Amino acid sequence: MTVRTRFAPSPTGYMHIGGMRTALFNWLWARKNGGQFILRIDDTDLQRNMGEALGPILDAFRWLGLDWDEGPEVGGDYGPYFQSERRSLHDAALAQLLESGAVYRDFEPPEETKTQRETCEKEKRVYISSRVSVGLSADEVAAKVAAAEPHVVRLLVPRERKVTIEDAVRGHVEWDCSLMVDPVVARGDGSPLYNFATTVDDGQLEITHVIRAEEHLSNTPIQVLLHEALGNPLPVFAHLPFVAAPSGKKKLSKRDIAKYRKSPAFQKLFQLGDEVLGHLGINPIDDALSPVMVAYYREVGFLPAGVLNALARLGWSLDDATENMSLQTVLENFSLDRVVKASAGLDPDKLMSYQTHWMGELPLVEKVAGCVSILARAKLIPESPDETILTRLAKVIELVGNRMRVFGDILTMKEFFVDADMLVYDQKQFQKKIVEPENGIDVLRSIRAIVADSAEFSVAVLQSAVESFVQERGFKFGQIAPGLRLAITGRTSGADLFPTLELLGRDECLRRLDRAIGTADSMRIS
RNA sequence: GGCCCCAUCGUCUAGUUAGGUCUAGGACACUGGAUUUUCAUUCCAGUAACGGGGGUUCAAAUCCCCCUGGGGUCACCA
């Protein structure tokens, strides 16, 4: 039998990083077994703009390179793939269950049901459905339906038995039906509820493996009972541990972003994100974009390989040592029985280490492409840069090397992309390293002369010239380097100094030195 | 609270199915050192865990029971 897995997001306008992990494992299992991975959109009673709500979800899949065999945009033989368009299928299934007596129309007023529930709770008894409507004759039911009496349709839970599953990650799990409330399967008008629609759809789509997060475990007995009533073969269930927040064991949730912002574990990621998004003109403070969303990582300039690697290792491992894995490697080695049972906290540090690894592996041309797109968005280079810019950019990228962990990092290296007069100095350091030292400005003047007069503007020539100057004056290079770097780049840390000078070019270096000298002069006077 | 799930370094995990090779391995983070004109890298080294109690056994991280702790879920949402 062909393995068929599915991911069934509701169109919420964003793709949750934990949901993405679930989707990834579904994709992996299908691909590993030469089966199909299906995207079904669970959009029942959602009246939002479908394009806006679904777009970001599909974008996330495309960005990570996870393709789907059936679903939106690609269609398939088991469609429609939007749950809202599958109503006739649900209706037919409901009619079938009504016919077989597996479900019943419940006319008990909701307030009454609620009261019973509350009473039981107060008295510490287990609440089970009263089933007052089960005794109604077919004619009585028909009459009430004809009179449009409000009601719901409930599953008649077989109370005398147990439901058991052999979960592919959890093993044997069982529930005692005598403790179960008869779940509502559809409203009086026939509109299906989640558990019912899902079961009908999974059955009709011939899903063989239901791989989903642990929070659905409690829905499972209902769905198993429904599958049985429908006469469907039972899919294999695999309940993955949910993705927890860093430094906590609670489910990672969009609602808690404000809290995460204050968490030390998340600090560095937020700092990076805020800075990069700031350069892009995106306000990261509002919830539109945050680390619980896949889009966040794309915007900040993470690589799909980095995110995928981190996601794959969240609740799964290949062996006792392998950490850096391409999607291909994960695919070749994936299995459900190596999925961990305990929930796993997303670790931003570890994510960054995977990211750094894969950025290091990326060919230069692809680094250039990634930087072009983010630099253009930050308006630091034109939309379609010419050869000169591209060649120079490649040199910058090679020079900064592993200092660029994500594409967004390039935006913090503004010194390569703005003119001398736009350079922003680190004020405190400028004061301390250039203005305050006795000969700080004089040194810069001397270096300006070297830069202006050197026969050739190359690393070798500049370096030896500066070194002999340093020696003459009885300095150490380490003493003058910070000031020089500050004058040239505005910052006290960064790529190797002489190559930076060479890359910037003689004229630009002179402008920067002049500006720094001028600024320092005026600061010293005042 | 009911039902269900889970429990190894700070974190992600290996080891648990078939008890000994585990004085518990790896990675991230952290600390120290070396390299480096800064920063980042790289390289070495180090700190650090089987939640507790009972069993079973010659032998338990591994099997059983209890406790504790954490979490999920309890809708005419999905």
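Proteins get letters first, then strands, A, B, ... in listed order; numbering begins at 1 in each. Computed from a predicted structure; not experimentally measured.
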Practice task
May I ask you to check whether A:Arg485 and A:Thr489 show a side-chain donor-acceptor distance below 3.5 Å?
Solution key: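 No pair is found: no donor N or O on one side chain lies under 3.5 Å from an acceptor on the other.
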Practice task
Please determine, by modelled atom types, if A:His239 and A:Arg170 share a side-chain donor-acceptor pair under 3.5 angstrom.
Solution key: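 Judged by distance alone, the side chains do not pair up.
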Value in whole Å for how far the [atom2] atom of [N] lies from [atom1] of [X]:
| X | N | atom1 | atom2 | answer |
| --- | --- | --- | --- | --- |
| A:Arg212 | B:rA78 | CZ | C1' | 11 Å |
| A:Ile128 | B:rG2 | CD1 | P | 17 Å |
| A:Leu252 | B:rC12 | CG | P | 13 Å |
| A:Leu318 | B:rA27 | CG | C1' | 13 Å |
| A:Glu118 | B:rG2 | CD | P | 18 Å |
| A:Leu311 | B:rU13 | CG | P | 12 Å |
| A:Tyr127 | B:rC3 | OH | C1' | 16 Å |
| A:Glu121 | B:rC3 | CD | C1' | 13 Å |

Exercise for the section: Identify, between A:Thr322 and A:Val169, the residue whose nearest nucleotide on RNA chain B lies closer to the 5' end. Expected result: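 Going by which nucleotide is closer to the 5' end, it is A:Val169.
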Practice task
Could you say whether A:Asp176 or A:Asp347 is positioned toward the 5' end of RNA chain B, judged by the nucleotide with the nearest heavy atom to each?
Solution key: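 The residue whose closest nucleotide sits nearer the 5' end is A:Asp176.
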If I pick the [atom1] atom on [M] and the same atom on [N], what distance separates them, to the nearest angstrom?
| N | M | atom1 | value |
| --- | --- | --- | --- |
| B:rG69 | B:rU8 | C1' | 15 Å |
| B:rA59 | B:rU23 | C1' | 16 Å |
| B:rU47 | B:rG52 | C1' | 25 Å |
| B:rC6 | B:rC67 | C1' | 16 Å |
| B:rC9 | B:rG15 | C1' | 14 Å |
| B:rC44 | B:rA49 | C1' | 24 Å |
| B:rU21 | B:rG10 | C1' | 30 Å |
| B:rC28 | B:rC65 | C1' | 37 Å |

Problem - Mutual orientation of the aromatic rings belonging to A:Phe469 and A:Phe475 [parallel < 30°, tilted 30-60°, perpendicular > 60°] - result: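 The rings of A:Phe469 and A:Phe475 stand perpendicular, inter-plane angle above 60°.
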Exercise for the section: Determine the interplanar angle of the A:Phe7 and A:Phe61 rings, folded into 0 to 90°, and report it as parallel if under 30°, tilted if 30 to 60°, perpendicular if over 60°. Expected result: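 A:Phe7 vs A:Phe61 ring planes: tilted.
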Practice task
Would you check if A:Leu252 and A:His16 make a side-chain contact, meaning some heavy-atom pair closer than 4.5 Å?
Solution key: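 A side-chain contact under 4.5 Å exists here.
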Exercise for the section: Check whether any side-chain heavy atom of A:Trp358 lies under 4.5 Å from a side-chain heavy atom of A:Phe302, and answer yes or no. Expected result: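 The answer is no; the side chains never approach within 4.5 Å.
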Exercise for the section: Look at all strands and tell whether A:Leu351 reaches a base, only sugar-phosphate, or nothing, counting heavy atoms closer than 4.0 Å. Expected result: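 Nothing, no heavy atom under 4.0 Å.
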Exercise for the section: For A:Gly315, answer base if it contacts any base atom (sugar-phosphate contacts may also be present), sugar-phosphate if it contacts only those atoms, and nothing otherwise; contact means non-hydrogen atoms under 4.0 Å. Expected result: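 Touches sugar-phosphate only.
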Handout entry: Donor-acceptor pair under 3.5 Å, A:Lys350 side chain vs B:rA27 base
Key =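 Donor-acceptor pair under 3.5 Å: yes.
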Exercise for the section: State the pairing partner of B:rU56; accept Watson-Crick or G-U wobble contacts with both distances under 3.5 Å, and report none otherwise. Expected result: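 With both distances under 3.5 Å required, B:rU56 matches none.
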Practice task
Using both distances under 3.5 Å as the test, list the Watson-Crick or G-U wobble partner of B:rC74, or none.
Solution key: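 B:rC74 is paired, partner B:rG1.
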Practice task
Please say whether more than 12 non-hydrogen atoms of neighbouring residues, nucleotides or ligands are located less than 6.0 Å from CD in A:Glu166.
Solution key: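 Yes - once you tally the heavy atoms of other residues, nucleotides and ligands closer than 6.0 Å, there are more than 12.
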Practice task
Indicate yes or no: does A:Glu323 engage A:Lys350 in a salt bridge with an N to O separation below 4.0 Å.
Solution key: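 Yes.
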Problem - Over all atoms of both residues, closest heavy-atom pair of A:Ala465 and A:Ile450 - result: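 So the minimum-distance heavy-atom pair works out to CB-CG2, 3.5 Å.
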Practice task
For the pair A:Asp256 (side chain) and A:Lys259 (backbone), establish whether a donor and an acceptor sit closer than 3.5 Å, ignoring hydrogens and angles.
Solution key: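 No; zero donor-acceptor contacts below 3.5 Å.
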Problem - Under 3.5 Å donor-acceptor, A:Arg86 side chain and A:Pro80 backbone - result: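 At least one qualifying donor-acceptor pair exists.
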Practice task
Decide if the gap between the ring center of A:Phe25 and the ring center of A:Trp316 is smaller than 6.0 angstrom.
Solution key: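 Judged by ring-centre distance (under 6.0 Å), A:Phe25 and A:Trp316 do not meet the cut-off.
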Practice task
Determine, using ring centers only, whether A:Phe457 and A:Phe498 are less than 6.0 Å apart.
Solution key: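 Not close enough - the centres of the two rings lie 6.0 Å or further apart.
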Exercise for the section: Consider the side chain of A:Leu179, meaning its heavy atoms from C-beta on, and name the nucleotide among B:rC5, B:rC3, B:rG26 that approaches it most closely. Expected result: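 Taking heavy atoms from C-beta onward, the closest nucleotide is B:rC3.
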Problem - Under 4.0 Å protein heavy-atom contact, by nucleotide of nucleotides 69-76 of chain B - B base, S sugar-phosphate only - result: -SSSS-SB
Problem - Contact letters for nucleotides 34-49 of chain B, in which S counts primed atoms plus P, OP1 and OP2 and B counts the base, heavy atoms under 4.0 Å - result: ---BBBBS--------
Set out, line by line, the N/O atom pairs under 3.5 Å between protein and nucleotides 14-19 of chain B.
{"unit_1": "B:rA14", "atom_1": "OP1", "unit_2": "A:Ser317", "atom_2": "OG", "d": "3.2"}
{"unit_1": "B:rG15", "atom_1": "OP1", "unit_2": "A:Arg338", "atom_2": "NH1", "d": "3.1"}

